[in-house]
Amino acid sequence: GYLIGLYREAKPGTTILTEESEIIWLYSTNRSILQTLLSDVRDLQTSKDHWVQYFRGETAKDVSYWYLIAKEPPRSPSTLVLDGEVLADIVSDIKEYLDPSTGHFYKRIGKPHRRGFLLHGPPGTGKSSLCAVLAGMFYMNIYTLSLNSSNLTESGLVKIFRDLPDHTMIVLEDIDRAWASVEQSKTDIPSGTGSQARTGISLSALLNVLDGNGAKEKRVLFMTTNHRENLDSALTRPGRIDQTFYLGYATATMIRELFTLFYEPLGVDKDEIVGLAGRFASEVPSEIFTAAAIQNFLLKHKDAPEIAVSS
């Protein structure tokens with residue numbers, strides 16, 4: 001037999017991540033017992049409460065912290081309409097990254113266990129929606145940070161990254177608005193060393209929290225931007241950004257899929273919906289409107305697919 005003890009302590013703190021701590025004691029020579037227990041608890045909690053929690057980084061009175069802004073059920077991948085194999089490619093990449101054997105491989109070759117993606121394209125093309133779908137699929141919570149906050153300091157940046165839990169998705173929104181490219185600004189400052197964000201945070205400070213010595217591992221990073229050409233090359237070099245995906249305006253195929261997504265659940269004959277979707281796609285110019293703009297139009301006629309086509 002063996003004896004297990006549990007000690008729980010409430011701890012005052014400035015972030016929700018430090019409100020409570022738990023200590024488990026195991027009196028046994030078999031460590032696998034504790035590992036099995038922790039795995040069972042994690043799996044039970046995941047299946048019991050599989051909601052995606054959204055946190056946002058904030059700074060107030062010189063204190064930086066993550067605060068919970070929403071808790072939502074996971075978004076179904078079937079509600080996301082993208083061009084080509086973008087979703088499938090990212091899902092395959094993250095699956096491989098999260099595989100335990102990948103973590104062992106990274107450790108063996110001395111590579112930090114992190115993964116980074118850049119999503120770029122016009123506003124309204126699904127960058128935030130893609131992150132939401134992926135978080136639900138991989139049982140992750142989303143931690144979003146805007147570097148345009150006037151209150152965020154470099155020490156605060158270090159603190160909130162240090163407070164991140166494992167198995168987390170970090171989203172750096174509109175990264176192009178924080179720094180212009182070194183080439184574009186035509187300065188003589190070496191890339192990644194002294195460029196200043198409009199918030200007063202240096203680019204080198206961000207690079208350090210992303211992949212400097214002691215930087216957080218076991219996380220997936222997404223940077224989003226509307227203007228990839230404005231990014232400093234130091235931000236997107238291999239190792240920081242592993243894959244880059246463009247999310248563009250709605251193609252004819254996407255327009256048909258969006259129409260079908262809206263009206264198929266109405267109970268209308270499937271062949272009729274397919275025909276209406278084709279007509280709608282022929283009326284809407286391809287690669288002119290974003291998916292968000294098309295969805296906004298369809299919402300005005302959410303119960304009347306024929307009117308949506310004729311309008």
K.L.:
Regarding D99 and K95, does a basic nitrogen lie under 4.0 Å from an acidic carboxylate oxygen?
P.N.:
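Looking at D99 and K95, the cut-off is not met.
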K.L.:
Can a donor-acceptor pair be found between the side chains of T251 and T253 at a distance below 3.5 Å?
P.N.:
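Result is no, nothing qualifies.
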K.L.:
Would a distance-only check, ignoring hydrogens and angles, find a side-chain to backbone donor-acceptor pair under 3.5 Å from K216 to L164?
P.N.:
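Here the side-chain-to-backbone pair exists.
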K.L.:
Less than 6.0 angstrom separating the ring centers of H113 and Y97, yes or no?
P.N.:
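For H113 and Y97, the ring centres are under 6.0 Å apart.
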K.L.:
Using a strict cut-off of less than 4.0 Å between a Lys/Arg side-chain nitrogen and an Asp/Glu carboxylate oxygen, indicate whether K107 and E217 qualify as a salt bridge.
P.N.:
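No salt bridge links K107 with E217.
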K.L.:
Are L172 and F222 side-chain neighbours, meaning at least one heavy-atom pair lies under 4.5 Å?
P.N.:
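Result no, sub-4.5 Å side-chain heavy-atom pair not found.
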K.L.:
With no hydrogens and no angle check, is any side-chain donor or acceptor of S64 less than 3.5 Å from a backbone partner on I160?
P.N.:
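Flag not set: sc S64 to bb I160 has no pair under 3.5 Å.
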K.L.:
Sort out for me which residue in F55, F161, Y54 forms a ring pair (Phe, Tyr, Trp, His ring centres under 6.0 Å) with Y143.
P.N.:
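So, applying the ring pair (Phe, Tyr, Trp, His ring centres under 6.0 Å) to Y143 and each of F55, F161, Y54, only F55 qualifies.
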K.L.:
Check residues 297-307 and write down every donor-acceptor pair under 3.5 Å in which the side-chain atom is one partner and the other belongs to a residue at least two apart or another chain.
P.N.:
none

K.L.:
Sequence neighbours left out, what pairs pass ring-ring contact (aromatic ring centres under 6.0 Å, His included) with at least one residue falling in residues 259-285?
P.N.:
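Non-adjacent pairs meeting ring-ring contact (aromatic ring centres under 6.0 Å, His included): F259-Y263, F259-F280.
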K.L.:
Enter the distance from Q53:CD to I142:CD1 here, rounded to the nearest 0.5 Å.
P.N.:
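So the CD of Q53 and the CD1 of I142 are separated by 11.0 Å.
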K.L.:
Quiz question: by atom type and distance under 3.5 Å, do the side chains of E173 and T144 form a donor-acceptor pair?
P.N.:
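No, because no side-chain N or O of E173 sits under 3.5 Å from a partner of the opposite role on T144.
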K.L.:
Go through R228 and D176 one step at a time and tell me if the salt bridge (Lys or Arg N to Asp or Glu O under 4.0 Å) criterion holds.
P.N.:
CA-CA 7 Å; R228 179 188 179 188; D176 57 288; over 6 Å; no
K.L.:
Under 4.5 Å between side-chain heavy atoms, hopping through other hydrophobics if needed: is there a path connecting L258 to V268?
P.N.:
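Per the 4.5 Å side-chain linkage, L258 and V268 are co-clustered.
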